[in-house]
Amino acid sequence: MPVPDRRPLLAGAAAVLLAAGLAVPLAANAGENLATNPVLATDATGWGVLSGGTGQRVAVTGHPTATYGYQVRLSSADAGIYLPQLPVTGGKSYTIAVDTKLTGKARVEMDWYGSGGRYLGSSHGTAVTGSASDWKTVQATLVAPAGATNSHPLETVTGASGNWQSTAASYQGEVVTPPTTPPAGDGDTAAGNFHWGQPLPASDEFNYTGLPDSQKWGIYGHGGDDNCWPGHAGNGRRCVDANYVNGSFLRQTGKANGDSAGLASNLGQKLGRWEVRARVQAASGASGHAYHPVLITWPDSDEWPQGGEYDYFEVNVGDQRATAFLHHPTDSGVVQDEYHSGDLDLSQWHNYGFEWAQSGLTGYIDGKVWFHDTDPDVQAPGPMHQTIQLDNFFGAGGMQEAYFDVDWARVYALT
């Protein structure tokens, strides 16, 4: 049955839960396929034509696991089908794949829905050129936007002709690997080792669910087109929904299409201390240009370079050491002091600390000093605030999907 306006009604238990505003439970065990009726073994439940032809369940040949598939007799060069629906959790990533025989190009798309069936938007992967004689896998890894509870996977084609067959739907939910050390302050901290006292109220433990706390953070993209701003130096976009707190930590997601994330603390101070527990990871199997995670104290005045800038943790995803760039306040041009840590597994949780005192700037990793800069010319003239950013240096598309995870971000007064 055709799906009107690509916003289908949910059936059964999922409809009841969503109508009540509740998230549908999601099993996310490693290797578990979350797709219902993936190989159409007994009927075509969950599969249907979206546009461009007529469809039916048929016997297929040459596939290593499936003996049935969904076939569309194309009436248009551009067409689409819908696959079985998938309950999702906002902020989580999902890899959707389907095997296809086709003359033309195909790609996977996801329509996202919130509580009560509210349509939240659509995402898609890269188009794959099909083959009329061999099965090809078409897939995409996509991140559910904040508030999403259900999705409708789609496969669309362009420049197609003849019959189009699809089978072996595979839905893999994100499997979050537990940290090798317990979160929330475990391990050495600069605050503990150097007696910084109690964190200020602007600190965030990220122990809630949803978007970052707007009382503590300004979220990059807020109020822009589609809740997105232009990205770093105009590369890609910074979008609100690329920031999500999952109850344990903040995850900033850099997508393959170049969209990424950023936060700015609402608290600025002249002189102070900051410490962040973080890790950096590429999405499993992802390739492309590397994203650039960075922890910054940025001038409240937004004047640059006159206001200075302290990048006390700056890396590319895949690096094996941390770098710091301490930008001098100048009238024009870049003057900076640069420091490099020893070898470091950035994919594991570490504590990155920074102290701005009149006597100098000091960086810490896991409670130990790794740089100390006493140059008086590096001192910024006014208050600064913490930012957490996942920067894109390469433009739209062709990026390696990656995550900048922050377990907590704490700020202290300099006493």
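Heavy atoms only: backbone and side chains are in, while hydrogens, waters and symmetry mates are out. Along the sequence shown, the residues carry numbers beginning at 1.
Residues L102 and Q165 are not in side-chain contact: their nearest non-hydrogen atoms beyond the backbone lie 4.5 Å or more apart. Inter-residue side-chain proximity for Y82 and D111 is flagged as unmet; no heavy-atom pair is nearer than 4.5 Å.
A distance of 9.0 Å separates NE2 of H385 from CD1 of I296, quoted to the nearest 0.5 Å. To the nearest 0.5 Å, the span separating OG1 on T156 from CD on E109 amounts to 3.5 Å. Between the CG atom of L271 and the CD atom of E355 there is a distance of 9.5 Å, given to the nearest 0.5 Å. Atom CH2 of W304 and atom NE2 of H327 lie 6.0 Å apart (nearest 0.5 Å).
Checked against ring-ring contact (aromatic ring centres under 6.0 Å, His included), Y68 has no partners two or more places apart in sequence or in another chain.
Among residue pairs with one or both ends in residues 278-327, none qualify as disulfide (SG to SG under 2.5 Å); sequence neighbours excluded.
Side-chain rings of Y310 and W274 stay apart, their centers remaining 6.0 Å or farther from each other.
Counting non-hydrogen atoms of neighbouring residues, nucleotides and ligands closer than 6.0 angstrom, the NE2 atom of H328 exceeds 12 such neighbours. Atom NE2 of H222 sits in a sparse spot, with 12 or fewer heavy atoms from other residues, nucleotides or ligands closer than 6.0 Å. For K105, the NZ atom counts as loosely surrounded, since its 6.0 Å shell holds 12 or fewer non-hydrogen atoms of other residues, nucleotides or ligands.
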Salt bridge (Lys or Arg N to Asp or Glu O under 4.0 Å) assessment of R237 paired with D225:
CA-CA 10 Å; R237 302 182 302 171; D225 292 341; over 6 Å; no

Take R279 and D405, measure what salt bridge (Lys or Arg N to Asp or Glu O under 4.0 Å) needs, and give me the verdict at the end.
CA-CA 5 Å; R279 67 181 178 185; D405 295 337; 2.9 Å; yes

Checking M399 against K255 for the side chain to side chain contact (heavy atoms under 4.5 Å, CB included) test, could you report, in this order, the C-alpha distance in whole Å, the side-chain angles of both residues, the deciding distance, and whether it holds?
CA-CA 7 Å; M399 298 298 295; K255 302 178 183 179; over 6 Å; no

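For the pair D99 (side chain) and W135 (backbone), a donor-acceptor distance under 3.5 Å is absent. With N351 contributing its side chain and R277 its backbone, the two residues share no donor-acceptor pair below 3.5 Å. K101 places no side-chain N or O within donor-acceptor distance of the main-chain N or O of S166, the cut-off being under 3.5 Å. Between the side chain of Q306 and the backbone N or O of D331, at least one donor-acceptor pair lies under 3.5 Å. Checked by atom type and distance alone, the side chain of D373 pairs as donor or acceptor with a backbone atom of D375 at under 3.5 Å.
Applying ring pair (Phe, Tyr, Trp, His ring centres under 6.0 Å) to F249 and the options W349, F404, W408 leaves one that passes, W349.
Note: F354 and F371 have tilted aromatic rings, judged against thresholds of 30 and 60 degrees for the angle between ring planes. In this structure, F194 and Y364 have tilted ring planes: the angle between them lies in the 30° to 60° band.
Residues K368 and D188 are paired through a salt bridge, judged by an N-O separation under 4.0 Å between the basic side chain and the carboxylate. Here R273 does not pair with E275 in a salt bridge; the nearest charged N to carboxylate O distance is not below 4.0 Å.
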